[in-house]
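Since the structure comes first, as structure tokens, the remarks are kept for the end.
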Amino acid sequence: MKWPNHGGQPNVIQQLFQMNTDQPVLDFSANLNPLGPPNWLNNALHQAYETISRYPDPSYTNSTAAVAQFEGIHQDNVLVTNGGAEAIFLVAKYFENGKACIVHPTFLEYERACNHYHLNIDEMFYDQDNGFSLPMLELKHRLQETDVLFLCRPNNPTGHVIAETEIKQLLELGLSVGTHIVVDEAFADFLPSNTHSLTRLLETYPNLIILRSLTKMYTIPGLRFGYVMAHQSVISVLKHEQIPWSINSLVDSIIPKLIADRTFVDKTKSLLHGESQFLHRSLTSMDFYLSPTQVNFYLLRDRKRPNETEELFIFLLHHGIVTRHTHNFKGLQGDFLRLAIRSHEENKQLVAVLKKWREDK
Ligand SMILES: Cc1ncc(COP(=O)(O)O)c(C=O)c1O
């Protein structure tokens, strides 16, 4: 079966299972904000329309200054990028022909980017039986043979968050053995207020590289905006490698307003908090496993029928619910489904279908 590499392609899934693509489905496979983009964005893009007849400012001053101000860091420590994906590929290029370590299951593109730039990859795995915790002992051993360690915090696809104390231990060790640690924080905007991003560690650790994306929180996968935060020596090399006009002028002009819209972020987090509790309550009471997520998606597995995940995927699909398969997440081998947390109505529909599945056998 030729499974799609990423979520958010419900029609591809329908075609794969010879279903009519006109049939409406609920898409739980893309881990985007259930609220969609902020309401004001449509007008703001119309207002920015006149910028498309000029080349973008090659230094993207508008968006770079907005990011630096928002993060409380110097502009020399920021590089804005065409989504988180460009940030990942630029960073992999920085370590071209070097040695990388990737802890799975995690976002696919680290591996793709490392392969593209001929890095030698050492694979490690989260401890599934211990809430997907980091294999710290083994990782510390391997760090001295590694140029760059890729971590995702919160991690896609599990939604779990590596403890800051563990990251600090790795950064300390990394400093002494010459290892950089890349932390992809594409989902950091969704974190509850008592769990922090790692931005404030940048000052202490020149070996820390943080990647961000605005795609997920603001539901703008089609606009493309992300950024890298790192020591200025790293940023200046990445800047040199970046293709010209990577950020289009529409995006450069709307970012200051977008990144400043914390009301939207707070509204999202409050919705997700309630929905996360609702789903956890409803699904664990039916004996489903949910990964220990702190964000807007989670892994699901039927504890009663753990070896029937593919059947569950198909059952949900036939009931109008598209989920994300996990065949291409190393370490999961399709044993789980990844689902986004959607609106209350949609989550209720999901719970109802899972109830039916439970009652079926
Ligand atoms: C962990 C992680 N990082 C980065 C990205 C890429 O985001 P963008 O759409 O901004 O390129 C994704 C997208 O799914 C992701 O899950």
Side-chain angles (χ1 to χ4, degrees), residues 1-20 23-31 34 103-108 125-133 154-160 272 275-361:
M1 174 109 51
K2 178 92 185 75
W3 293 98
N5 272 344
H6 294 285
Q9 301 172 78
N11 288 353
V12 175
I13 294 288
Q14 284 175 314
Q15 278 162 3
L16 203 60
F17 287 89
Q18 281 98 44
M19 288 173 68
N20 182 353
Q23 202 175 314
V25 283
L26 295 178
D27 185 10
F28 283 76
S29 73
N31 39 18
V103 190
H104 294 282
T106 197
F107 187 48
L108 296 180
F125 292 88
Y126 287 103
D127 184 355
Q128 221 178 91
D129 298 332
N130 272 312
F132 290 97
S133 55
N155 188 35
N156 179 6
T158 58
H160 85 284
L272 288 171
E275 287 312 303
S276 179
Q277 288 189 329
F278 163 70
L279 286 166
H280 199 270
R281 235 184 5 253
S282 314
L283 301 183
T284 52
S285 69
M286 286 193 274
D287 224 356
F288 285 96
Y289 164 86
L290 277 77
S291 59
T293 183
Q294 290 206 40
V295 285
N296 59 322
F297 55 88
Y298 57 95
L299 288 178
L300 180 84
R301 191 176 189 180
D302 187 351
R303 284 189 200 274
K304 285 197 172 162
R305 299 159 66 182
N307 301 322
E308 295 178 43
T309 304
E310 194 151 327
E311 288 84 343
L312 176 58
F313 178 93
I314 295 168
F315 183 89
L316 288 166
L317 184 62
H318 284 299
H319 287 81
I321 287 175
V322 178
T323 60
R324 168 71 160 90
H325 71 90
T326 58
H327 289 287
N328 57 351
F329 283 110
K330 287 186 176 167
L332 297 185
Q333 285 93 22
D335 288 342
F336 297 79
L337 300 176
R338 193 195 67 198
L339 281 86
I341 298 179
R342 305 289 311 163
S343 69
H344 189 56
E345 264 321 300
E346 291 169 315
N347 294 330
K348 269 196 336 200
Q349 288 189 48
L350 169 73
V351 171
V353 176
L354 286 172
K355 207 165 168 200
K356 220 165 163 208
W357 159 266
R358 177 60 75 238
E359 287 161 359
D360 245 27
K361 271 196 193 167

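Scope of the values below: all heavy atoms of this structure, side chains included, with no hydrogens, waters or symmetry mates. The first residue in the sequence is number 1, and the count goes up from there.
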In Å, rounded to the nearest 0.5 Å, how long is the span from [atom1] of [X] to [atom2] of [Y]?
| X | Y | atom1 | atom2 | answer |
| --- | --- | --- | --- | --- |
| Glu308 | Ile314 | CD | CD1 | 11.0 Å |
| His325 | Leu317 | NE2 | CG | 12.5 Å |
| Thr106 | Asn156 | OG1 | CG | 6.5 Å |
| Leu272 | Arg342 | CG | CZ | 10.0 Å |
| Thr284 | Arg303 | OG1 | CZ | 8.5 Å |
| Ser285 | His280 | OG | NE2 | 10.5 Å |

Considering only heavy atoms from C-beta outward, does the side chain of [X] approach that of [Y] to under 4.5 Å?
| X | Y | value |
| --- | --- | --- |
| Asn11 | Gln14 | yes |
| Tyr298 | Leu283 | yes |
| Met19 | Ile13 | no |
| Pro157 | Asn155 | yes |
| Arg305 | Trp357 | yes |
| Thr323 | Leu300 | no |
| Leu350 | His319 | no |

Would you mind listing every ring pair (Phe, Tyr, Trp, His ring centres under 6.0 Å) that reaches into residues 330-356, with sequence neighbours excluded?
Phe278-His344, Tyr289-Phe336

Short question: side chain of [X], backbone of [Y] - any donor-acceptor pair under 3.5 Å?
| X | Y | value |
| --- | --- | --- |
| Thr293 | Val295 | yes |
| Arg338 | Thr158 | no |
| His160 | Phe132 | yes |
| Glu275 | Asn347 | no |
| Glu346 | Phe28 | no |
| Asp27 | Pro10 | no |

Nearest atoms (heavy-atom pairs only) where [X] meets [Y]:
| X | Y | value |
| --- | --- | --- |
| Pro34 | Ser343 | CB-N, 3.8 Å |
| Gly331 | Gln128 | O-NE2, 3.2 Å |
| Asn328 | Leu108 | O-CD2, 2.9 Å |
| Pro292 | Gly131 | CG-O, 3.7 Å |
| Gly159 | Phe297 | N-CE1, 3.5 Å |
| Leu316 | Leu337 | CD1-CD1, 3.9 Å |

Can you name the residues that form a salt bridge (charged side-chain N to carboxylate O under 4.0 Å, His left out) with Lys330, not counting sequence neighbours?
Glu111, Glu123

State whether a side-chain donor-acceptor pair under 3.5 Å links Asp335 with Thr309.
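There is no such pair between these side chains.
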
Verdict with reasoning, Ile321 to Val25, per side-chain contact (heavy atoms from CB on, under 4.5 Å)
CA-CA 6 Å; Ile321 287 175; Val25 283; over 6 Å; no

Check: Phe17 ring centroid to Phe313 ring centroid under 6.0 Å:
yes

Would you call Arg358 and Asp302 a salt bridge, taking side-chain N to carboxylate O under 4.0 Å as the test?
yes

